[in-house]
Amino acid sequence: MCNQLTIQQVKDMLLHIADVLIQKEDELGEIDRHIGDGDHGTGMATGARAIQKELKEQESTSVNQVFRQSGIAMMESMGGASGVLFSSLFLALGKIEPEAPEIDVASFSDGVSQAVKDIKIRGRAGLGDKTMLDALEPASVALIENKNSTFVEALAAAKSAAQQGVENTKGYVAKFGRAKFLGERSLGYQDPGATSIAMIINEMYQFVKEEFK
Amino acid sequence: MCNQLTIQQVKDMLLHIADVLIQKEDELGEIDRHIGDGDHGTGMATGARAIQKELKEQESTSVNQVFRQSGIAMMESMGGASGVLFSSLFLALGKIEPEAPEIDVASFSDGVSQAVKDIKIRGRAGLGDKTMLDALEPASVALIENKNSTFVEALAAAKSAAQQGVENTKGYVAKFGRAKFLGERSLGYQDPGATSIAMIINEMYQFVKEEFK
Amino acid sequence: MKKILNQRETIITDMLKGFVKAEKDHIAVSKENDRVLYRKEKQEGKVGIVIGGGSGHEPLFFGLLGKNLADAVAVGNVFAAPTPQTVLAAIHEANQGEGVICLFGNYAGDVLNFDLAKEMADTEGIAVVNLAVSDDIASAPKEYQVDRRGIAGDLFVIKEVAAAAAKGYSLERCQRIAQECNQRTYSIGVGIKSGTNPLNGKPSFILNDDEIEYGLGIHGEPGIEKMPIVSAKDLIKKMYLALDQEIKAYVEKEVIVCVNGLGSTTLMELYIITNELIDLLENKGFLVMDTVVGNFCTTQEMAGFSLTVQILTEELKELYQMEATSPHYFHKEGY
Amino acid sequence: MKKILNQRETIITDMLKGFVKAEKDHIAVSKENDRVLYRKEKQEGKVGIVIGGGSGHEPLFFGLLGKNLADAVAVGNVFAAPTPQTVLAAIHEANQGEGVICLFGNYAGDVLNFDLAKEMADTEGIAVVNLAVSDDIASAPKEYQVDRRGIAGDLFVIKEVAAAAAKGYSLERCQRIAQECNQRTYSIGVGIKSGTNPLNGKPSFILNDDEIEYGLGIHGEPGIEKMPIVSAKDLIKKMYLALDQEIKAYVEKEVIVCVNGLGSTTLMELYIITNELIDLLENKGFLVMDTVVGNFCTTQEMAGFSLTVQILTEELKELYQMEATSPHYFHKEGY
Ligand SMILES: Nc1ncnc2c1ncn2[C@@H]1O[C@H](COP(=O)(O)OP(=O)(O)O)[C@@H](O)[C@H]1O
Ligand SMILES: Nc1ncnc2c1ncn2[C@@H]1O[C@H](COP(=O)(O)OP(=O)(O)O)[C@@H](O)[C@H]1O
Ligand SMILES: [Mg+2]
Ligand SMILES: [Mg+2]
Ligand SMILES: [Mg+2]
Ligand SMILES: [Mg+2]
């Protein structure tokens, strides 16, 4: 069984994720409304539309380029905290050496680890601060642990880890982002950014499951 | 049976009217909301409170003075269209010659006729223009017709005429005041100023009925 | 009603106190009447400018007390014209021996009270001219222009007449300018959601979620018709067409424009509206010399807006361009 | 949601187009990035002033482009910080070789995007200083002043830092002033009724009819606590006591005050509030040098307001008193 994603597959996967984010606009907005300013859904949907436009209009000669194009599309269209931070995820995946027409689980996992590092440097947040990192970091750990498994297995583990991470954010007091000003009042609510991360990873999993079945 | 109102009786009558206008604030406001700006109740209540303050604090040496004090209190406190026009009613009653410690039906009726004239000059409106005049003018006619009757009889006739006048305003298109801009849309609604006039005359009637029973 | 106030009996007094404290160096309360505020700095030998009307439309009227603007303001109760005594006191504060011009919106209450005040001032030998602004084209047809009610057009009339007074023009000339400037000023408004009268906590009108009131007055008086809410483009086109009927015949093509918010319509919407309006005017060959956008004449927290267009003459243009400064309106060429 | 707009996709563009049309003589769109506006008139050899943030708070930020005020503005989506590319383009428009100072509210999104833009500008050899305004005392305790979010205090910081730049001060000196001025600026706000986000038509929060949100942020973020609505007197006393904790230790007693409306709170209420606030400040021995009242930093049509107090130094006072003119804010001594 094949265990690499081609340029076209990565494109299709990102287009699929974008579709789902656009569908989930209201749901994500609702979550942000409780502890933030209610625009997380709109932000992600804006980024998703920019990805779709970019990937449909532009050719890509490597998997890295697909990720970079997506990251730049998000950064240039979204703004807000998530514009910088979510684009960091895809930009990190775009930086994997060497430029290649496909990507395997190990490279993908390294890319996500790099994204965790970049996001920590940019945003200065850490695990337990009730941010997207609470979903992304456990997902990244699960991916590294499954470096040598299939995409389906690795993403299944990552997906569960991310979902658990979202669950955990309900018990955290926010220290970064808009919710940090809420103190104890942020308890009980899940973090919107973490929710998006879990969604994205879940859709990656759904995509590879279909693709490799 | 006595058929004159003394200084004290006129004072009591005006204080009673003021009480009722204050109670009816919301009702009058509601009527003004349909075709005007909704403040007629507040305006009349403001004038009523000013009358109460004035009459309770100041001595009066003639019936005329009581009316004048009330008119000035309204004019200085209310503002708006009704501030000028309703004070005209009481100021006209204050102008009856000679200054006297009591007032009979004939003088009272003459005073009201004078008020109708003054209000017409000031406001340039006439019968059928959907204003307070549609209640005041028929009331004035009824009073003159009953010049030689008792206060109770004369005011009973005036009250009915005024009420009929209010009813009639529903069928008129407004030509003066805020409702004039409404055109046909003012049809079906009664005029707030006319409603106040009918209320005032009705309370005069209720007062004399009690007083002379 | 959710408003931040103390007792409803003192809202006007509390508001005026706050305003005078905020503007303490420039504005004071009249000793004769506490519903009258005046500008402390006097410019000698000019016609006095009195403005006024009911409260509830802030920043109109008191927000226009200022340099080359109004000298005194007569403040009424909420949505009720000031009393004759109040107007007279404002006339006293503004009078410097050259006569006084009073500018107010054309409503029965204002006309009645200002007319009475003028009569009282006449007996004191003070020359007073009253001008009722009548810019709202929705309120009466062209043939009855002087019967129209006054809405946001107040702003341009006050600006220009006050400039004429500041230039030292005579009372007669100021009056002629006031008439001309009023005649050349056309507005139309729509209501989207009612404000509440702070005295009784009641909305002025009720609209369905998809309805707007076309042509309404600034006291929440009903307008021409209720209509379904449409896009900014379609709504402004409809309003513009009504304005165009009034302005198309002029040979002068230079105009000034005001997009006025009634209270809670956002500046974002007002600029979206501005974008449509200016396009339409320019397409019809008008030259928009200046545009002001903001809340000048409000109806409490009503959602809605009005469009005002004034057809300039050379004289009006010069007056409009004069520098002017007040707490809530200013004009400065080139910044 | 009842708002006057075309499609939600174009609200920012339509708004900016309308603004530029209204201010056509003074303000233009950047050729590099259509989310950047700049003031056409350049004052040679001064530090450039860039301001910016999410949309939806109009007139902030673009309404402060003007003389002795901001040179360029970076406009974000509704409630979302502008992208790094947008900020960089604004830096380009404002830069005149003396460096650029960027002023924005202290929010994660703004800090991230402005920091990235600064890094990009650094590689181009443009000296950029970022200052995140952090005046909202409700958002973090005194020990974490730099972590506080930025609300209406933006106004005073922009006013004074821009004046410093206009006086020709160096980038270092402007930076020092910006820090000092931010440190001496304290605000607190309350929400009374939510506005709606024009993109999704949803209110930011829901309050009962008798409830207010004490200490809320200008994006509708929840505040310190929900509390029952009380009289203006009691509410302002509570808010003042919180402010007093921050300002009482200063030896300087001269202050400037801003009473800022969040959208649909009436000017009547804002002046009633002003009346209470100035009394309290004066009773505590403060000298109120100037007070500005109006809608400067809004949250769509949210009902609510904020109070801002800045403790002046001689230097800040001089900067504050410098004349300034922009479409939605001006300062002029003596009128
Ligand atoms: N410093 C940070 N580090 C990591 N993630 C952050 C940080 N600040 C905010 N976030 C993430 O961004 C999310 C909010 O995104 P969004 O609502 O789109 O932006 P904004 O907060 O500008 O409105 C939060 O839920 C959180 O996960
Ligand atoms: N020109 C006029 N002549 C006679 N009555 C008038 C005139 N204009 C208005 N009114 C009366 O005033 C009433 C409205 O009073 P009110 O609501 O208190 O004042 P405003 O119209 O200033 O809000 C109308 O219902 C009408 O009866
Ligand atoms: Mg958000
Ligand atoms: Mg009325
Ligand atoms: Mg009224
Ligand atoms: Mg946001």
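Proteins get letters first, then strands, A, B, ... in listed order; numbering begins at 1 in each.
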Could you report the tightest heavy-atom contact between [X] and [Y], atom names first, then the distance?
X      : Y      : answer
C:N6   : D:S231 : OD1-CB, 3.7 Å
D:T274 : C:A22  : CG2-CB, 4.1 Å
C:V293 : D:H328 : O-CE1, 3.2 Å
C:K24  : D:V288 : NZ-O, 2.5 Å
C:L267 : D:E58  : CB-CB, 3.7 Å
D:E301 : C:T266 : N-CG2, 3.8 Å

Which atoms of [X] are under 4.5 Å from chain D, going by heavy atoms: the side chain, the backbone, both sets, or neither?
X      : value
C:L235 : side chain
C:L5   : both
C:K21  : both

Is chain C contacted by the side chain of [X], its backbone, both, or neither, given a heavy-atom distance below 4.5 Å?
X      : result
D:P198 : side chain
D:L65  : backbone
D:Q300 : both
D:I256 : neither
D:E323 : side chain
D:Q7   : neither

Heavy-atom neighbours of [X] [atom1] exceed 12 at 6.0 Å:
X      : atom1 : answer
C:K284 : NZ    : no
D:K193 : NZ    : no
D:D209 : CG    : no
D:K226 : NZ    : yes

Please rank C:G66, C:P327, C:S55, C:G263 by heavy-atom pairs under 4.5 Å with chain D and give me the top one. C:P327
Heavy-atom pairs under 4.5 Å with chain C are the metric here; pick the option from D:K233, D:M1, D:E282 that has the most. D:K233
Residue among D:V20, D:I278, D:I192, D:T13 with most heavy-atom pairs under 4.5 Å to chain C: D:I192
Does the pair C:I272 and D:K3 meet the rule for a side chain to side chain contact (heavy atoms under 4.5 Å, CB included), with working shown? CA-CA 11 Å; C:I272 291 173; D:K3 297 206 179 191; over 6 Å; no
What's the separation between atom [atom1] in [X] and atom [atom2] in [Y], rounded to the nearest 0.5 Å?
X      : Y      : atom1 : atom2 : value
C:K2   : D:D210 : NZ    : CG    : 7.5 Å
C:Y271 : D:D14  : OH    : CG    : 14.5 Å
C:D25  : D:M289 : CG    : CE    : 9.5 Å

Between [Y] and [X], is there a side-chain heavy-atom distance shorter than 4.5 Å?
X      : Y      : result
C:M268 : D:V78  : yes
C:K17  : D:D279 : no
C:T325 : D:F330 : yes
D:I4   : C:T265 : no

